[in-house]
Structure formats: C-alpha cells, structure tokens
Amino acid sequence: TDLVAGVENSSLSVNKGVENVYRKAIKEAGNTTQEGFTLSTANERPVSILKDIEYSYGRYADAAIITLGRSGSEGSDIKMKNCDGHSNKEDHFLQLEDNEIALIKYVKKHFDKVIVLVNSANTLELGELNAEKTEDNLGVDAILHIGHLGNDGAAHLGDILDGTISPSGRTVDTWINDLTTSPSYANFSSLTQNGGADNTAGWNNNLYNPDGTVNASYHYAEYSDSIYVGYKYYETAYDDIKSGNYANITDADKWYNDQVTYPFGYGLSYTSFKWQLVGAGQGEIKSANETVTLKVKVTNTGKVAGKDVVQMYVNPPYTLGGIEKSSANLVAFAKTDTLKPGESQTVTLQCVAQDFASFDWNDANGNGYTGYELEAGDYVISVNNNAHEEAFSVTRTVKEDIECKTDYTTGETIKAVFSQNEGVWAEYNSVIMSLKDNLMSRVDITSVPVAATIANRTMSQGFVDAVKSLDMHGSY
C-alpha cells in the first residue's frame, strides 16, 4: 500500500493530475545501486512541474499534502555537506532542500490548509515548519510523522487524516532545531563535516599507525557524548540550567526551546485526557530487585475516541563530579485501549529498582565499588506526557548504596567485559584513555564535544597488534 492508496482508503480523494505529474518525475529521476541497495535519486522536483495542472486545484481545495522523505543506511550514511538539492553546500542532508522550501511556499499560496507527512526514519530539522503559521514563514497547519511504512503501514493513513482514527504515536527521539549543535555531530560518520564543504583540512575517520600514516583498514567512531544521548542530554542540561548550575546560561526555557522542536515521547491527539495517580509504592527502596509500581487512571475528556500513552521516568540523586547520570530516564510506559469520550482505564507502570542504577566505571563516588549501583539518596519517579512534560511524581529513597552484582532476570553475575585491565576479559578492553578528556560530562554538560584529532586516533604498536589478533575486530 503506497501513500496515495493509503489516503484513498478513506473518505478522501486525491488529485490524479498532481499524482501523475509526480509519478512521471520520479520515474524520470531513476534509481541507483549502492552497497547492494537500490536507492531513489529523486530529490524534490521544482514547482514549475505543477504549472500545467494548477487549473485542477479548485476541485481539491480542502487541503494540500506535502511529503518529506529521507533515507540512510549502513553503507550509505547521510551526507553532512555537499548535498544534492541544496545551493548552500554547507547544508546537511536532514535540512530542507531548496525545492522543498519553494514547494511549501508555493502550496501555502494556493491552499488554505497545508499538511506535511514526514516519511522518514531520520529526524529532520522541522523548526520552521512547526512555527506558528503566517503568510511569510514556512509554518504549516499539521505535521504527521509516518516513518518508513513497510508493506502495508500506509493502509489507514487516510483514516488518520480525515479523523476516523485519532493518532496516538509518540516520538522515539528528540527532534531538534539545528542538528549541527548536537553533541554527536562532530564525531559522526566520516568526520568530513568538520572541514567545511571542501574539507580542505582533510578530515577522515581513519585510525593512524604509530608512524603517522593512515591505516585504511580501520575506521573510527568516538562516542564522546557518553550517556548523554538524545533526550538524556537535552533534559539533563535543561534541569541543570534551571537549577542555576551555569552562570553563562540562565534562562532554561529559552535554551530548551531554541534547541528542541519536539521532545522524546511527544505526540498529539484529536481528543484530550485527564490523568489521576491511583496507586504508588511508598518509602525506602531496600534491594535492587524490588518492584516499583505506579498506577494511573486515564479518562478521555474529549469529544472523540482515542488512545493515550503514559510514561514513567526516574531522576536519580546526583553529585557534581560523581557518577555520570542523566536527570531523565525512561523506565516504563503504557498505552491505553481505545477510550470513548468519558471512558476511563487504569494503566500499570512497572519496573525493577535496578533499572534506576547508574554505571560507575571508575569508582567516581569513592565507595570502593565499580559497576552498576543505586547510590543513596532520593529517586524522583515521575509520570510524564513526554520526556519534558511532567504530570506528577513520587519520591522513593535509598538509604545506603546498593551494589547491583547480579542480573535480576537471569541471576548471572554482571561483568563489564570491555573495560577490564586484567583477567580473561582483558584482551577485549576497547577503552582509549586518551579520549577521556573529550568525553562529555555533567560537570559542564552544555559544552559539547569536539571532533577527535589525528593525535587522538593514532594507535600504539601494542594496540595495532592486539586488534590484528582479534577476528571480531578485523576489517571487512
């Protein structure tokens, strides 16, 4: 089921003239094969292809639908510079193309209501589209993220657009206004984005031999953002700014709104809901395998049927300079059945206290233990609409540090196999201590990492020998 068929499987009709214009344009653009994958090379076509069909718009004037699509995969990373469809060669692949911008402006002039479908598994920069709609900007009336739909995912697309089905999905990542400010940007993929459009500095992601020559067999990715990935970065930074931890940034809400378009776990509905906390554990958490449960009564207070999603997060106790922890950690979520107006359902959110644990790889708190642990202190367990919007919370306390030595599901001993300096697992140690200074820390979380230098990526002879001896680390 393609997008057009999905729309037509409803009360809606599609302008066949416009459909035929685009099908012809896509066919003419053709496909290409890369790394064994067949990829469409069709960037957005210029709006001039629509000129001869403008006469038909009046018969389909209820709304215009624009589709934005992006794909990337192993062997075909998204481009960070020199992207087709962009006159500015500093633009990256997840920004709007020139013709997409022109199309949105064109459609807004011809139609009163404009809907954008985001047919992408990647998070695009949509801040301009999400802005309050005016004649002079790119703001639109509605945006529906449909992802990659597979064989039949589009079958009920029209039912969502005409209101037969109320949407109830939630974002699975944080959508941000400027991806170049993300902590992961500098160390993504080939690293050539750090050298400008022409990459005159010759950036690459290779490791270097001890003699300074490039080792083309080994490529490199530095996860310098540490645990602060996606919402765990943006929510933690927001909370720390709000707490007054940074003298140079004082307005937490402005900082957050400048950064984030849609929080993790965000989604809208055609109806509204009211929540009530009807059950919560109290008091001290005494063991790692203790079950933590919250119960929430959800009532549909709107005029149409719909589903709602209730999310449970934990904010663990944190000491500046201690174990790295994010202030927002999703530990459970629940989705209601379809609720009619006035109907209620109680959902149960449940996890194990060990899910609140933090990994102390270097005994940062000085208690003589390395591994997962529940530090003593207050754990704020919240019920949220999304990672940024809290509805209510309860606090549970750990009075003394709890060491999490066994997996609560399997009963097996937990062992950090990739950071051992001795014993049977030592040969698998992949820690490069020279990179530690570039590792992101909550001590200054608003300072994002820089790209790894050649010096950072130069291997010792011992490292070269160790890598060659391991088949699992071999190049392919």
Side-chain angles (χ1 to χ4, degrees), residues 1-26 42 44-70 96-120 124-149 152-169 171 175 261-262 266-272 302-307:
T1 306
D2 65 16
L3 296 182
V4 172
V7 172
E8 291 180 327
N9 286 342
S10 68
S11 64
L12 304 176
S13 299
V14 172
N15 186 327
K16 289 298 180 181
V18 173
E19 178 190 348
N20 291 335
V21 167
Y22 274 101
R23 290 195 183 279
K24 179 181 177 182
I26 292 171
E44 184 58 55
R45 303 292 90 185
V47 295
S48 57
I49 68 172
L50 295 169
K51 184 176 181 180
D52 292 340
I53 202 70
E54 287 180 357
Y55 69 88
S56 67
Y57 293 170
R59 286 176 288 171
Y60 298 88
D62 289 339
I65 299 173
I66 298 172
T67 303
L68 303 177
R70 296 291 190 277
L96 294 178
E97 297 175 6
D98 296 353
N99 283 340
E100 288 173 336
I101 293 172
L103 177 63
I104 293 167
K105 293 178 178 178
Y106 170 87
V107 169
K108 288 180 67 172
K109 289 181 179 179
H110 287 83
F111 294 86
D112 292 332
K113 185 179 294 183
V114 180
I115 301 165
V116 171
L117 303 181
V118 183
N119 185 198
S120 170
L124 280 67
E125 291 184 4
L126 298 182
E128 293 179 282
L129 275 65
N130 188 55
E132 184 176 352
K133 184 182 177 185
T134 69
E135 292 183 358
D136 303 322
N137 68 5
L138 297 181
V140 296
D141 296 280
I143 301 172
L144 180 64
H145 180 224
I146 59 176
H148 287 166
L149 294 164
D152 290 309
H156 288 285
L157 175 59
D159 290 334
I160 294 175
L161 294 175
D162 72 7
T164 301
I165 297 175
S166 179
S168 58
T171 55
W175 292 60
T261 313
Y262 305 113
Y266 175 86
L268 299 178
S269 172
Y270 296 148
T271 189
S272 57
K303 297 181 179 180
V304 299
K307 299 179 181 181

Exercise. Do Asp62 and Lys113 sit within salt-bridge range, that is, some charged N less than 4.0 Å from a carboxylate O?
Worked result: no

Exercise. In terms of side-chain heavy atoms, does Asp152 have a donor or acceptor partner in Thr1 at a distance below 3.5 Å?
Worked result: yes

Problem set entry | Donor-acceptor contact below 3.5 Å, side chain Asp112 vs main chain Ala63 | no

For this session: Give a yes or no on whether the backbone of Ile115 and the side-chain of Asp141 come within a donor-acceptor separation of less than 3.5 Å.
Result: no

Problem set entry | Working for side-chain hydrogen bond (donor to acceptor under 3.5 Å, both in side chains), residues Ser11 and Asp162 | CA-CA 7 Å; Ser11 64; Asp162 72 7; 2.8 Å; yes

Exercise. Should the heavy atoms of other residues, nucleotides or ligands under 6.0 Å from CD of Glu128 be counted, would the total exceed 12?
Worked result: no

To check you understand the geometry: which heavy-atom pair defines the closest contact between [X] and [Y], and what is its length?
{"X": "Lys16", "Y": "Tyr60", "answer": "N-OH, 4.5 Å"}
{"X": "Asn15", "Y": "Ser56", "answer": "ND2-OG, 2.9 Å"}
{"X": "Ala64", "Y": "Val107", "answer": "CB-CG1, 3.3 Å"}
{"X": "Asp2", "Y": "Ala5", "answer": "OD1-N, 2.8 Å"}

Exercise. How many angstroms lie between CG in Leu126 and CH2 in Trp175, if you round to the nearest 0.5 Å?
Worked result: 5.5 Å

For this session: Assess whether side chain to side chain contact (heavy atoms under 4.5 Å, CB included) is satisfied between Leu96 and Ile104, documenting all intermediate values.
Result: CA-CA 10 Å; Leu96 294 178; Ile104 293 167; 4.2 Å; yes

Exercise. Which residues satisfy the side chain to side chain donor-acceptor pair (under 3.5 Å) test with Asn137, sequence neighbours excluded?
Worked result: Lys108, Thr134

